[in-house]
Protein chains: 2
Amino acid sequence: MEYPSKSIEEAVNELSGLPGIGRKTALRLALHILKQSEAQAERLGSSIIELRKRVQFCKRCHNFTDHELCKICTNPRRETRLICVVEDARDVMALENTHQFNGLYHVLGGLINPLAGIGPSMLHIEPLAERVRNEKIEEVIFAFSANIEGDTTAFYISKKLAPTGVRISSIARGIPVGLDLEYTDEVTLARSLINRTRLASPGE
Amino acid sequence: MEYPSKSIEEAVNELSGLPGIGRKTALRLALHILKQSEAQAERLGSSIIELRKRVQFCKRCHNFTDHELCKICTNPRRETRLICVVEDARDVMALENTHQFNGLYHVLGGLINPLAGIGPSMLHIEPLAERVRNEKIEEVIFAFSANIEGDTTAFYISKKLAPTGVRISSIARGIPVGLDLEYTDEVTLARSLINRTRLASPGE
(Lines give C-alpha, C1' and ligand atoms only; values in the text may rest on other atoms or scores of the structure.)
Protein backbone atom coordinates (compact mmCIF):
# COMPACT_ATOMS: atom_id res chain seq x y z
CA MET A 1 0.00 0.00 0.00
CA GLU A 2 1.28 3.43 -0.92
CA TYR A 3 0.42 6.34 1.34
CA PRO A 4 -0.20 9.85 0.06
CA SER A 5 2.31 11.41 2.43
CA LYS A 6 5.34 10.57 4.57
CA SER A 7 3.63 11.68 7.80
CA ILE A 8 0.66 9.41 7.13
CA GLU A 9 2.98 6.51 6.40
CA GLU A 10 4.95 7.09 9.59
CA ALA A 11 1.83 7.35 11.73
CA VAL A 12 0.46 4.15 10.18
CA ASN A 13 3.77 2.38 10.83
CA GLU A 14 3.78 3.45 14.47
CA LEU A 15 0.09 2.80 15.14
CA SER A 16 0.18 -0.64 13.54
CA GLY A 17 2.87 -1.59 16.06
CA LEU A 18 0.20 -1.55 18.78
CA PRO A 19 -1.34 -4.91 19.75
CA GLY A 20 -4.47 -5.80 17.79
CA ILE A 21 -4.03 -2.97 15.32
CA GLY A 22 -3.22 -3.93 11.74
CA ARG A 23 -2.29 -1.57 8.93
CA LYS A 24 -5.90 -1.07 7.80
CA THR A 25 -7.06 -0.10 11.28
CA ALA A 26 -3.95 2.08 11.71
CA LEU A 27 -4.86 3.95 8.52
CA ARG A 28 -8.42 4.40 9.76
CA LEU A 29 -7.08 5.83 13.04
CA ALA A 30 -4.67 8.12 11.17
CA LEU A 31 -7.48 9.46 8.96
CA HIS A 32 -9.60 10.00 12.07
CA ILE A 33 -6.76 11.96 13.69
CA LEU A 34 -6.48 14.08 10.52
CA LYS A 35 -10.14 15.02 10.89
CA GLN A 36 -9.64 16.21 14.47
CA SER A 37 -8.29 19.57 15.59
CA GLU A 38 -4.56 20.07 16.03
CA ALA A 39 -5.11 20.48 19.79
CA GLN A 40 -6.82 17.08 20.01
CA ALA A 41 -4.03 15.33 18.13
CA GLU A 42 -1.51 17.09 20.37
CA ARG A 43 -3.36 15.88 23.47
CA LEU A 44 -3.46 12.28 22.25
CA GLY A 45 0.18 12.27 21.19
CA SER A 46 1.53 13.83 24.34
CA SER A 47 -0.63 11.66 26.60
CA ILE A 48 1.24 8.69 25.11
CA ILE A 49 4.65 10.31 25.56
CA GLU A 50 3.82 11.45 29.11
CA LEU A 51 2.43 8.03 29.98
CA ARG A 52 5.73 6.32 29.32
CA LYS A 53 7.75 9.15 30.85
CA ARG A 54 5.82 9.54 34.10
CA VAL A 55 4.64 6.10 35.06
CA GLN A 56 7.06 4.22 37.29
CA PHE A 57 6.86 1.37 39.74
CA CYS A 58 5.99 1.96 43.39
CA LYS A 59 9.16 1.61 45.51
CA ARG A 60 7.28 -0.51 48.00
CA CYS A 61 4.80 -2.73 46.14
CA HIS A 62 5.91 -2.31 42.48
CA ASN A 63 2.43 -1.22 41.36
CA PHE A 64 2.14 1.50 38.69
CA THR A 65 2.38 5.05 39.98
CA ASP A 66 3.29 8.57 38.85
CA HIS A 67 5.16 9.13 42.14
CA GLU A 68 7.60 7.31 44.40
CA LEU A 69 4.89 5.38 46.22
CA CYS A 70 1.56 4.30 44.72
CA LYS A 71 -1.96 5.46 45.57
CA ILE A 72 -2.65 2.30 47.56
CA CYS A 73 0.55 2.30 49.63
CA THR A 74 0.02 5.96 50.58
CA ASN A 75 -3.67 5.59 51.40
CA PRO A 76 -3.94 5.81 55.22
CA ARG A 77 -7.26 3.98 55.19
CA ARG A 78 -5.87 0.73 53.80
CA GLU A 79 -5.41 -2.27 56.08
CA THR A 80 -1.60 -2.50 56.33
CA ARG A 81 -1.44 -5.96 57.88
CA LEU A 82 -2.69 -7.69 54.73
CA ILE A 83 -0.65 -8.15 51.57
CA CYS A 84 -2.12 -9.55 48.39
CA VAL A 85 0.62 -10.89 46.09
CA VAL A 86 -0.03 -10.69 42.34
CA GLU A 87 1.80 -11.38 39.09
CA ASP A 88 1.61 -7.91 37.59
CA ALA A 89 0.12 -4.45 38.02
CA ARG A 90 -2.82 -5.31 35.79
CA ASP A 91 -3.97 -7.79 38.43
CA VAL A 92 -4.02 -5.01 41.03
CA MET A 93 -6.51 -3.14 38.84
CA ALA A 94 -8.67 -6.24 38.45
CA LEU A 95 -8.71 -6.90 42.21
CA GLU A 96 -9.36 -3.24 43.03
CA ASN A 97 -12.40 -3.34 40.78
CA THR A 98 -13.95 -6.04 42.96
CA HIS A 99 -13.97 -3.56 45.91
CA GLN A 100 -13.47 -6.60 48.16
CA PHE A 101 -9.94 -6.08 49.33
CA ASN A 102 -8.73 -3.22 51.47
CA GLY A 103 -5.16 -4.35 52.21
CA LEU A 104 -1.90 -3.65 50.39
CA TYR A 105 -0.44 -5.33 47.33
CA HIS A 106 2.85 -6.72 46.23
CA VAL A 107 3.51 -7.06 42.50
CA LEU A 108 6.04 -9.78 41.64
CA GLY A 109 6.58 -8.71 38.05
CA GLY A 110 5.96 -12.23 36.75
CA LEU A 111 5.61 -15.81 37.90
CA ILE A 112 8.28 -18.47 38.27
CA ASN A 113 8.54 -20.19 34.91
CA PRO A 114 11.68 -22.29 34.40
CA LEU A 115 10.74 -23.10 30.79
CA ALA A 116 10.71 -19.38 29.96
CA GLY A 117 13.87 -18.86 32.00
CA ILE A 118 12.18 -16.88 34.77
CA GLY A 119 13.64 -17.81 38.14
CA PRO A 120 12.70 -16.54 41.62
CA SER A 121 15.63 -14.08 41.69
CA MET A 122 14.18 -12.23 38.70
CA LEU A 123 10.95 -11.48 40.57
CA HIS A 124 10.30 -9.18 43.54
CA ILE A 125 10.17 -12.11 45.96
CA GLU A 126 13.02 -11.08 48.26
CA PRO A 127 11.50 -7.58 48.81
CA LEU A 128 8.23 -9.32 49.71
CA ALA A 129 9.98 -11.43 52.35
CA GLU A 130 11.55 -8.25 53.69
CA ARG A 131 8.17 -6.54 53.89
CA VAL A 132 6.74 -9.50 55.78
CA ARG A 133 9.62 -9.35 58.25
CA ASN A 134 9.55 -5.57 58.75
CA GLU A 135 5.96 -4.40 58.24
CA LYS A 136 4.00 -6.44 60.82
CA ILE A 137 2.13 -8.35 58.16
CA GLU A 138 -0.47 -10.81 59.48
CA GLU A 139 -1.57 -12.47 56.28
CA VAL A 140 -0.20 -12.91 52.78
CA ILE A 141 -2.77 -13.75 50.12
CA PHE A 142 -1.68 -15.22 46.80
CA ALA A 143 -3.83 -14.11 43.87
CA PHE A 144 -2.21 -15.92 40.95
CA SER A 145 -3.60 -17.38 37.77
CA ALA A 146 -4.74 -20.98 38.19
CA ASN A 147 -1.92 -22.54 36.21
CA ILE A 148 1.32 -24.36 36.87
CA GLU A 149 3.37 -21.13 37.09
CA GLY A 150 0.92 -19.73 39.66
CA ASP A 151 1.09 -22.89 41.75
CA THR A 152 4.90 -23.07 41.52
CA THR A 153 5.26 -19.46 42.59
CA ALA A 154 2.82 -19.90 45.48
CA PHE A 155 4.71 -22.99 46.63
CA TYR A 156 8.09 -21.28 46.43
CA ILE A 157 7.01 -18.15 48.30
CA SER A 158 5.16 -20.05 51.02
CA LYS A 159 8.32 -22.11 51.65
CA LYS A 160 10.33 -18.90 51.82
CA LEU A 161 7.90 -17.18 54.19
CA ALA A 162 7.43 -20.22 56.45
CA PRO A 163 10.09 -19.10 59.01
CA THR A 164 8.29 -15.77 59.53
CA GLY A 165 5.18 -17.58 60.78
CA VAL A 166 2.90 -15.31 58.73
CA ARG A 167 -0.52 -16.70 57.74
CA ILE A 168 -0.59 -17.62 54.05
CA SER A 169 -3.66 -18.12 51.89
CA SER A 170 -4.64 -18.25 48.24
CA ILE A 171 -7.71 -17.02 46.42
CA ALA A 172 -10.22 -19.84 45.92
CA ARG A 173 -10.22 -22.04 42.86
CA GLY A 174 -13.68 -23.19 41.93
CA ILE A 175 -16.54 -22.89 39.51
CA PRO A 176 -16.70 -19.38 38.02
CA VAL A 177 -19.88 -17.56 39.03
CA GLY A 178 -22.50 -18.00 36.32
CA LEU A 179 -20.95 -21.11 34.80
CA ASP A 180 -22.94 -24.34 34.55
CA LEU A 181 -21.48 -27.27 36.45
CA GLU A 182 -21.65 -29.55 33.43
CA TYR A 183 -19.41 -27.23 31.43
CA THR A 184 -16.73 -26.98 34.12
CA ASP A 185 -13.56 -28.95 33.41
CA GLU A 186 -12.77 -31.84 35.74
CA VAL A 187 -9.64 -30.29 37.31
CA THR A 188 -11.58 -27.20 38.39
CA LEU A 189 -14.43 -29.38 39.59
CA ALA A 190 -12.05 -31.57 41.60
CA ARG A 191 -10.44 -28.48 43.21
CA SER A 192 -13.84 -27.03 44.00
CA LEU A 193 -14.79 -30.29 45.71
CA ILE A 194 -11.58 -30.42 47.78
CA ASN A 195 -11.91 -26.76 48.76
CA ARG A 196 -15.62 -26.97 49.48
CA THR A 197 -16.88 -24.27 51.84
CA ARG A 198 -19.12 -25.18 54.74
CA LEU A 199 -22.60 -23.75 54.82
CA ALA A 200 -24.45 -23.33 58.11
CA SER A 201 -26.35 -26.53 58.96
CA PRO A 202 -29.65 -26.68 60.91
CA GLY A 203 -27.90 -28.32 63.90
CA GLU A 204 -25.53 -25.35 64.44
CA MET B 1 -12.82 1.70 36.76
CA GLU B 2 -10.09 3.28 38.84
CA TYR B 3 -6.66 3.64 37.32
CA PRO B 4 -3.45 3.36 39.32
CA SER B 5 -2.10 6.68 38.09
CA LYS B 6 -3.18 9.96 36.56
CA SER B 7 -1.01 9.45 33.44
CA ILE B 8 -2.56 6.05 32.78
CA GLU B 9 -6.04 7.50 33.19
CA GLU B 10 -5.29 10.35 30.79
CA ALA B 11 -3.80 8.04 28.17
CA VAL B 12 -6.83 5.73 28.44
CA ASN B 13 -9.18 8.72 28.07
CA GLU B 14 -7.39 9.91 24.95
CA LEU B 15 -6.93 6.50 23.33
CA SER B 16 -10.55 5.52 23.90
CA GLY B 17 -11.57 8.58 21.88
CA LEU B 18 -10.30 6.81 18.75
CA PRO B 19 -12.86 4.99 16.59
CA GLY B 20 -13.36 1.33 17.49
CA ILE B 21 -11.32 1.60 20.69
CA GLY B 22 -13.20 1.19 23.95
CA ARG B 23 -11.82 1.75 27.45
CA LYS B 24 -10.69 -1.87 27.85
CA THR B 25 -8.74 -1.84 24.59
CA ALA B 26 -7.36 1.61 25.46
CA LEU B 27 -6.05 0.24 28.76
CA ARG B 28 -4.49 -2.71 26.94
CA LEU B 29 -2.77 -0.30 24.57
CA ALA B 30 -1.59 1.89 27.47
CA LEU B 31 -0.11 -1.12 29.28
CA HIS B 32 1.59 -2.16 26.05
CA ILE B 33 3.10 1.32 25.69
CA LEU B 34 4.35 1.10 29.28
CA LYS B 35 6.23 -2.07 28.39
CA GLN B 36 7.99 -0.38 25.48
CA SER B 37 11.06 1.82 25.66
CA GLU B 38 10.73 5.55 26.21
CA ALA B 39 12.07 6.14 22.68
CA GLN B 40 9.35 3.95 21.17
CA ALA B 41 6.58 5.77 23.06
CA GLU B 42 8.10 9.06 22.01
CA ARG B 43 8.11 7.95 18.35
CA LEU B 44 4.46 6.85 18.50
CA GLY B 45 3.31 10.00 20.29
CA SER B 46 5.14 12.42 18.05
CA SER B 47 4.11 10.59 14.87
CA ILE B 48 0.52 11.41 15.86
CA ILE B 49 1.30 15.05 16.62
CA GLU B 50 3.37 15.46 13.43
CA LEU B 51 0.68 13.73 11.37
CA ARG B 52 -1.89 16.36 12.23
CA LYS B 53 0.61 19.21 12.03
CA ARG B 54 2.18 18.35 8.67
CA VAL B 55 -0.57 16.85 6.57
CA GLN B 56 -2.43 19.39 4.47
CA PHE B 57 -4.51 19.32 1.34
CA CYS B 58 -2.90 19.59 -2.07
CA LYS B 59 -3.52 23.07 -3.48
CA ARG B 60 -4.50 21.58 -6.83
CA CYS B 61 -6.39 18.33 -6.23
CA HIS B 62 -7.10 18.47 -2.46
CA ASN B 63 -5.47 15.09 -1.84
CA PHE B 64 -3.44 14.61 1.37
CA THR B 65 0.13 15.85 1.20
CA ASP B 66 2.97 17.06 3.44
CA HIS B 67 3.77 19.80 0.93
CA GLU B 68 1.95 22.37 -1.19
CA LEU B 69 1.25 19.93 -4.01
CA CYS B 70 0.72 16.19 -3.62
CA LYS B 71 2.89 13.31 -4.83
CA ILE B 72 0.53 12.60 -7.72
CA CYS B 73 0.20 16.19 -8.98
CA THR B 74 3.98 16.63 -8.94
CA ASN B 75 4.75 13.27 -10.57
CA PRO B 76 5.92 14.07 -14.15
CA ARG B 77 5.01 10.57 -15.33
CA ARG B 78 1.26 10.94 -14.67
CA GLU B 79 -1.14 11.43 -17.56
CA THR B 80 -2.23 15.06 -17.03
CA ARG B 81 -5.18 15.00 -19.46
CA LEU B 82 -7.21 12.65 -17.29
CA ILE B 83 -8.88 13.64 -14.00
CA CYS B 84 -10.56 11.14 -11.72
CA VAL B 85 -13.04 12.86 -9.39
CA VAL B 86 -13.55 11.27 -5.96
CA GLU B 87 -15.39 11.99 -2.73
CA ASP B 88 -12.41 12.05 -0.38
CA ALA B 89 -8.69 11.40 -0.12
CA ARG B 90 -9.28 7.87 1.10
CA ASP B 91 -10.73 7.03 -2.32
CA VAL B 92 -7.51 8.20 -3.98
CA MET B 93 -5.62 5.60 -1.93
CA ALA B 94 -8.10 2.89 -2.90
CA LEU B 95 -7.84 3.73 -6.61
CA GLU B 96 -4.05 4.01 -6.48
CA ASN B 97 -3.91 0.51 -5.05
CA THR B 98 -5.56 -0.86 -8.17
CA HIS B 99 -2.54 0.38 -10.23
CA GLN B 100 -5.03 0.87 -13.09
CA PHE B 101 -5.14 4.65 -13.29
CA ASN B 102 -2.26 6.89 -14.22
CA GLY B 103 -4.03 10.24 -14.47
CA LEU B 104 -4.61 12.97 -11.90
CA TYR B 105 -7.25 13.21 -9.21
CA HIS B 106 -9.65 15.79 -7.87
CA VAL B 107 -10.96 15.34 -4.33
CA LEU B 108 -14.36 16.98 -3.76
CA GLY B 109 -14.30 16.74 0.03
CA GLY B 110 -17.76 15.14 0.10
CA LEU B 111 -20.81 14.44 -2.07
CA ILE B 112 -23.87 16.60 -2.62
CA ASN B 113 -26.33 15.61 0.10
CA PRO B 114 -29.20 18.06 0.64
CA LEU B 115 -30.54 16.05 3.61
CA ALA B 116 -27.24 16.48 5.44
CA GLY B 117 -27.08 20.12 4.36
CA ILE B 118 -24.15 19.64 1.96
CA GLY B 119 -24.63 21.76 -1.14
CA PRO B 120 -22.38 22.04 -4.24
CA SER B 121 -20.79 25.27 -2.99
CA MET B 122 -19.37 23.44 0.03
CA LEU B 123 -17.43 21.05 -2.19
CA HIS B 124 -14.42 21.65 -4.45
CA ILE B 125 -16.58 21.63 -7.60
CA GLU B 126 -15.80 25.13 -8.85
CA PRO B 127 -12.01 24.49 -8.67
CA LEU B 128 -12.62 21.32 -10.71
CA ALA B 129 -14.45 23.30 -13.42
CA GLU B 130 -11.54 25.73 -13.44
CA ARG B 131 -9.03 22.92 -13.84
CA VAL B 132 -11.03 21.51 -16.76
CA ARG B 133 -11.05 24.95 -18.41
CA ASN B 134 -7.34 25.71 -17.83
CA GLU B 135 -5.48 22.41 -17.78
CA LYS B 136 -6.30 20.87 -21.19
CA ILE B 137 -8.25 18.02 -19.63
CA GLU B 138 -9.61 15.49 -22.11
CA GLU B 139 -11.63 13.26 -19.83
CA VAL B 140 -13.20 13.54 -16.40
CA ILE B 141 -13.97 10.21 -14.69
CA PHE B 142 -16.37 10.08 -11.76
CA ALA B 143 -15.47 7.45 -9.16
CA PHE B 144 -18.25 7.87 -6.60
CA SER B 145 -20.01 5.43 -4.33
CA ALA B 146 -23.01 3.80 -6.00
CA ASN B 147 -25.65 5.66 -4.01
CA ILE B 148 -28.01 8.56 -4.47
CA GLU B 149 -25.43 11.14 -3.31
CA GLY B 150 -22.93 9.79 -5.81
CA ASP B 151 -25.45 9.92 -8.64
CA THR B 152 -26.63 13.44 -7.68
CA THR B 153 -23.06 14.73 -7.56
CA ALA B 154 -22.21 13.11 -10.91
CA PHE B 155 -25.33 14.64 -12.47
CA TYR B 156 -24.60 18.10 -11.06
CA ILE B 157 -20.96 18.15 -12.16
CA SER B 158 -21.65 16.79 -15.63
CA LYS B 159 -24.23 19.58 -16.14
CA LYS B 160 -21.67 22.10 -14.95
CA LEU B 161 -18.92 20.77 -17.20
CA ALA B 162 -21.13 20.39 -20.29
CA PRO B 163 -20.14 23.80 -21.79
CA THR B 164 -16.44 22.85 -21.71
CA GLY B 165 -17.09 19.92 -24.03
CA VAL B 166 -14.86 17.62 -21.96
CA ARG B 167 -15.53 13.88 -22.19
CA ILE B 168 -17.23 12.64 -19.01
CA SER B 169 -17.44 9.07 -17.77
CA SER B 170 -18.16 7.14 -14.61
CA ILE B 171 -16.63 3.96 -13.20
CA ALA B 172 -18.78 0.95 -14.11
CA ARG B 173 -21.61 -0.25 -11.88
CA GLY B 174 -22.04 -3.99 -12.05
CA ILE B 175 -21.59 -7.29 -10.33
CA PRO B 176 -18.59 -7.22 -7.96
CA VAL B 177 -15.89 -9.62 -9.04
CA GLY B 178 -16.28 -12.91 -7.22
CA LEU B 179 -19.95 -12.42 -6.36
CA ASP B 180 -22.54 -14.96 -7.50
CA LEU B 181 -25.21 -13.60 -9.83
CA GLU B 182 -28.04 -14.99 -7.72
CA TYR B 183 -26.90 -12.97 -4.69
CA THR B 184 -26.68 -9.68 -6.58
CA ASP B 185 -29.50 -7.23 -5.79
CA GLU B 186 -31.86 -6.40 -8.67
CA VAL B 187 -30.80 -2.73 -9.00
CA THR B 188 -27.16 -3.71 -9.51
CA LEU B 189 -28.22 -6.48 -11.87
CA ALA B 190 -30.38 -4.06 -13.88
CA ARG B 191 -27.50 -1.55 -14.15
CA SER B 192 -25.10 -4.28 -15.18
CA LEU B 193 -27.54 -5.30 -17.94
CA ILE B 194 -27.96 -1.74 -19.22
CA ASN B 195 -24.19 -1.11 -19.09
CA ARG B 196 -23.29 -4.44 -20.65
CA THR B 197 -19.90 -4.51 -22.33
CA ARG B 198 -19.49 -5.97 -25.77
CA LEU B 199 -17.24 -8.96 -26.18
CA ALA B 200 -15.55 -9.72 -29.47
CA SER B 201 -17.86 -11.85 -31.66
CA PRO B 202 -16.65 -14.44 -34.22
CA GLY B 203 -17.81 -12.21 -37.11
CA GLU B 204 -15.54 -9.30 -36.17
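Lettering of chains follows the sequences in order, A, B, ..., and the numbering in each one begins at 1. Just so it is clear, the values below take in all heavy atoms, side chains as well, and ignore hydrogens, waters and symmetry mates. Keep in mind it's a predicted model, so treat the numbers as computed, not measured.
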Item to check | Separation between OG of B:Ser47 and CD1 of A:Ile33, rounded to the nearest 0.5 Å | outcome: 7.5 Å

Checklist entry - Under 3.5 Å, is there a donor-acceptor pair between the B:Glu139 and B:Ser169 side chains? => result yes

Checklist entry - Using non-hydrogen atoms only, which part of A:Leu31 is less than 4.5 Å away from chain B: side chain, backbone, both, or neither? => result side chain

Next on the checklist: Ignoring hydrogens, what is the shortest heavy-atom contact between A:Leu51 and B:Ala30? Give both atom names and the distance.
Outcome noted: CD2-O, 3.6 Å

Checklist entry - Looking at CZ of A:Phe144 and CG of A:Leu108, how far apart are the two atoms once the value is rounded to the nearest 0.5 Å? => result 4.5 Å

Checklist outcome for this item: Taken to the nearest 0.5 Å, the spacing of B:Leu111 CG from B:Asn147 CG works out to 6.5 Å

Checklist entry - Between B:Lys160 and B:Glu130, is there a side-chain N and carboxylate O pair less than 4.0 Å apart? => result no

Next on the checklist: Please rank B:Met93, B:Glu50, B:Lys6 by heavy-atom pairs under 4.5 Å with chain A and give me the top one.
Outcome noted: B:Met93

Checklist entry - If you count heavy-atom pairs under 4.5 Å with chain B, which of A:Ser46, A:Gly17, A:Ser37, A:Pro19 comes out on top? => result A:Pro19

Checklist outcome for this item: Whatever's closer than 4.5 Å to a heavy atom in chain A on B:Glu96 counts as neither

Next on the checklist: Once rounded to the nearest 0.5 Å, what's the spacing between atom OG1 of B:Thr184 and atom CD1 of B:Ile175?
Outcome noted: 4.5 Å

Item to check | Closest-packed option against chain B by number of heavy-atom pairs under 4.5 Å, given A:Leu27, A:Leu34, A:Val92 | outcome: A:Leu34

Next on the checklist: Whether A:Glu79 and A:Arg81 form a salt bridge (side-chain N of Lys/Arg under 4.0 Å from carboxylate O of Asp/Glu) is what I want to check.
Outcome noted: yes

Checklist entry - Of the listed residues (A:Ile21, A:Leu18, A:Asp88), which shares the most heavy-atom pairs with chain B below a 4.5 Å separation? => result A:Leu18

Checklist entry - Rounded to the nearest 0.5 Å, how far apart are CZ of A:Arg191 and CD of A:Glu186? => result 14.0 Å

Checklist entry - For A:Thr25, is it the side chain, the backbone, both, or neither that has a heavy atom closer than 4.5 Å to a heavy atom of chain B? => result neither

Item to check | Sorted by number, residues from residues 52-77 of chain A in contact with chain B (heavy atoms, under 4.5 Å) | outcome: A:Arg52, A:Lys53, A:Arg54, A:Val55, A:Asn63, A:Phe64, A:Thr65, A:Asp66, A:Lys71

